[in-house]
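What follows is one structure encoded as structure tokens, with my remarks underneath.
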Amino acid sequence: MVVSIMRSYGVLMNPFDKYETQNIALKGDLSILSVIHQPEEFPHREPQINTMVASLSGLIRGFSANNLLIYGKTGTGKTSVTKYVTGMLEEKVGDKVITCYVNCQTYDSPYSILVNLSKCIPGDSNIPPSGWTLDRIYDELVIKIKGSGKILILILDEIDKLVEKNGGDSLYVILKLMGEDTGAGGTIIGITNDSSFYERLDPRVKSRMSRESVMFSPYNAEELKDILYPRVTKVLNPESYDEAAISLCAAIGAREHGDARKAIDLMRISIEMAIRESSDKVSVSHVYKARDTLEIDVIRETVKTQPTHSKIVLLSVILSGERHPNSATTGEVSSLYADLCRDIGIQPLTSRRVSDYISELEDFGMINTTVKSLGRYGRTRYIKITGRENDIKRFILEDTELEPLKDIKGTRQFRLDENI
DNA sequence: ACTCCACAGGAAAATTGGGGTA
DNA sequence: TACCCCAATTTTCCTGTGGAGT
């Protein structure tokens with residue numbers, strides 16, 4: 001790089017010059033390339049938008065609309081498009097419509113959803129975060145909704161989480177509230193990435209949830225490029241990026257089940273990377289580096305948000321793996337976990353719970369497990385960390401509660417050994 | 001063919017903790 | 001303050017199971 005500058009100017013330069021001359025000039029705010037950014041256009045999503053608009057069109061004439069189910073993998077634009085469509089509807093009909101967006105991963109009990117719903121409706125909202133009976137909140141809400149005289153649209157993002165949790169009871173309560181028989185009325189837009197969601201519903205819930213659905217198919221690499229280009233050109237001048245970098249972001253996003261979010265994040269981090277390195281343009285190598293940091297960020301976030309016990313279980317998996325590569329079993333992890341808990345003076349959970357934590361960690365993609373039968377020696381899960389164990393360990397030990405464990409090694413003698 | 005290990009994982013009971021009411 | 005209600009979490013109890021050893 002420096003060599004090329006020397007060539008072009010024909011002089012030896014001050015080493016600081018490169019920081020002065022080569023920064024990529026940002027045309028626009030980099031947040032255009034972030035998840036928070038709500039775009040005004042949705043390439044390759046016209047059919048979905050049209051279906052949704054048609055489905056909700058009754059509302060502009062004052063009729064109620066059917067409930068709507070939206071399917072699609074992460075990063076296929078479900079949430080953005082839904083917010084866009086409801087936003088447009090609000091623009092059209094003014095404050096006759098209230099939209100309430102609830103992410104069911106965060107708010108997964110009927111209680112918390114109802115509380116959120118209540119907050120969306122204008123008027124006093126003095127429902128405490130817990131304590132009231134569901135019936136009481138329910139009645140209060142019905143009165144509130146009726147009183148407001150508005151049409152309610154409830155967007156339930158990751159609606160499948162409601163069903164997993166308690167067999168659809170939460171969903172039933174909400175459907176009942178939004179149903180016409182209470183007089184409250186309203187439309188529910190459910191968003192899910194689980195294509196079998198509808199099939200798994202309880203019959204009484206099924207009957208209330210109409211079958212009207214919109215599919216968001218994964219983006220392919222070409223489509224992702226069409227999504228990236230308008231955003232990138234708002235941020236960068238043409239001379240500040242390699243076309244190949246965009247193609248690579250699109251390709252990686254496409255490989256990750258057509259994930260636009262991933263592609264966009266990747267592009268943003270690549271740009272940040274290039275700026276930090278004071279390169280003159282964003283290139284493929286920045287994208288590769290960005291992919292790496294992105295991966296680590298995801299891991300850090302996942303680890304950080306785990307409850308303490310889950311972190312200790314994860315640490316036990318890593319330490320077991322260090323002792324016996326490829327052969328950490330549930331039993332081994334459990335007793336190691338119990339030891340670690342005692343080391344730092346907290347009451348260990350039962351192995352049944354640890355077993356559940358192991359399953360949860362697998363869902364998070366932190367570990368892989370395979371059930372194996374060893375005949376006479378029982379049946380157990382073999383547990384393996386999916387990779388980057390050193391990073392994971394580091395993130396686990398960032399928890400101040402677990403600091404006393406920072407020097408622990410897999411080779412340490414554990415009480416487990418005494419029983420063998 | 002039968003036993004029996006070391007769990008998996010479902011169901012139900014028990015505990016915990018926020019909040020209300022008398 | 002004592003006690004009740006409720007939801008969420010955890011424990012307890014349980015049945016099921018693939019295959020090495022006998």
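Chain letters run A, B, ... following the sequence lines, proteins first, then strands; residues in each count from 1. Heavy atoms only: backbone and side chains are in, while hydrogens, waters and symmetry mates are out. Keep in mind the model is a prediction, meaning the values are calculated, not measured.
- Note on A:Ser355: every side-chain N or O is 4.0 Å or more away from OP1 and OP2 of B:dG9.
- In terms of position on DNA chain B, the residue among A:Gly375 and A:Arg381 whose nearest nucleotide sits closer to the 5' end is A:Gly375.
- In this structure, of C:dG21, B:dA8, C:dT10, it is B:dA8 that holds the atom nearest to the side chain of A:Thr330.
- Distance CD1 (A:Ile358) to C1' (B:dA8): 11 Å, rounded to an integer number of Å.
- Nearest-nucleotide positions on DNA chain C for A:Tyr357 and A:Ser373 put A:Tyr357 closer to the 5' end.
- We find that CG of A:Leu374 is positioned 10 Å from P of C:dG19, with the value rounded to whole Å.
- Of the residues listed (A:Ile358, A:Val317, A:Ile318, A:Leu361), the one engaging A:Met366 in a side chain to side chain contact (heavy atoms under 4.5 Å, CB included) is A:Leu361, and it is the only one.
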Result block: side-chain N/O donor-acceptor pairs under 3.5 angstrom for residues 94-101 of chain A, not counting sequence neighbours:
residue: A:Thr99; atom: OG1; partner: A:Glu90; partner atom: OE2; Å: 2.1
residue: A:Tyr101; atom: OH; partner: A:Asp157; partner atom: OD2; Å: 2.5

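- Between the side chain of A:Arg352 and the base of C:dT11 there is no donor-acceptor pair of N/O atoms closer than 3.5 Å.
- A:Arg231 forms no cation-pi arrangement with A:Tyr229, by the criterion of a distance under 6.0 Å to the ring centre and an angle within 45° of the ring axis.
- Distance CD (A:Glu360) to C1' (C:dT9): 11 Å, rounded to an integer number of Å.
- Across the interface with DNA chain B, nearest-nucleotide mapping of A:Asp356 and A:Gly378 shows A:Gly378 to be the residue nearer the 5′ end.
- For A:Arg342 and A:Tyr337, the positive end is not near the middle of the six-membered ring at less than 6.0 Å and at most 45° from its axis.
- Here the nucleotide nearest the side chain of A:Arg379, chosen from C:dA20, C:dG18, C:dT10, is C:dG18.
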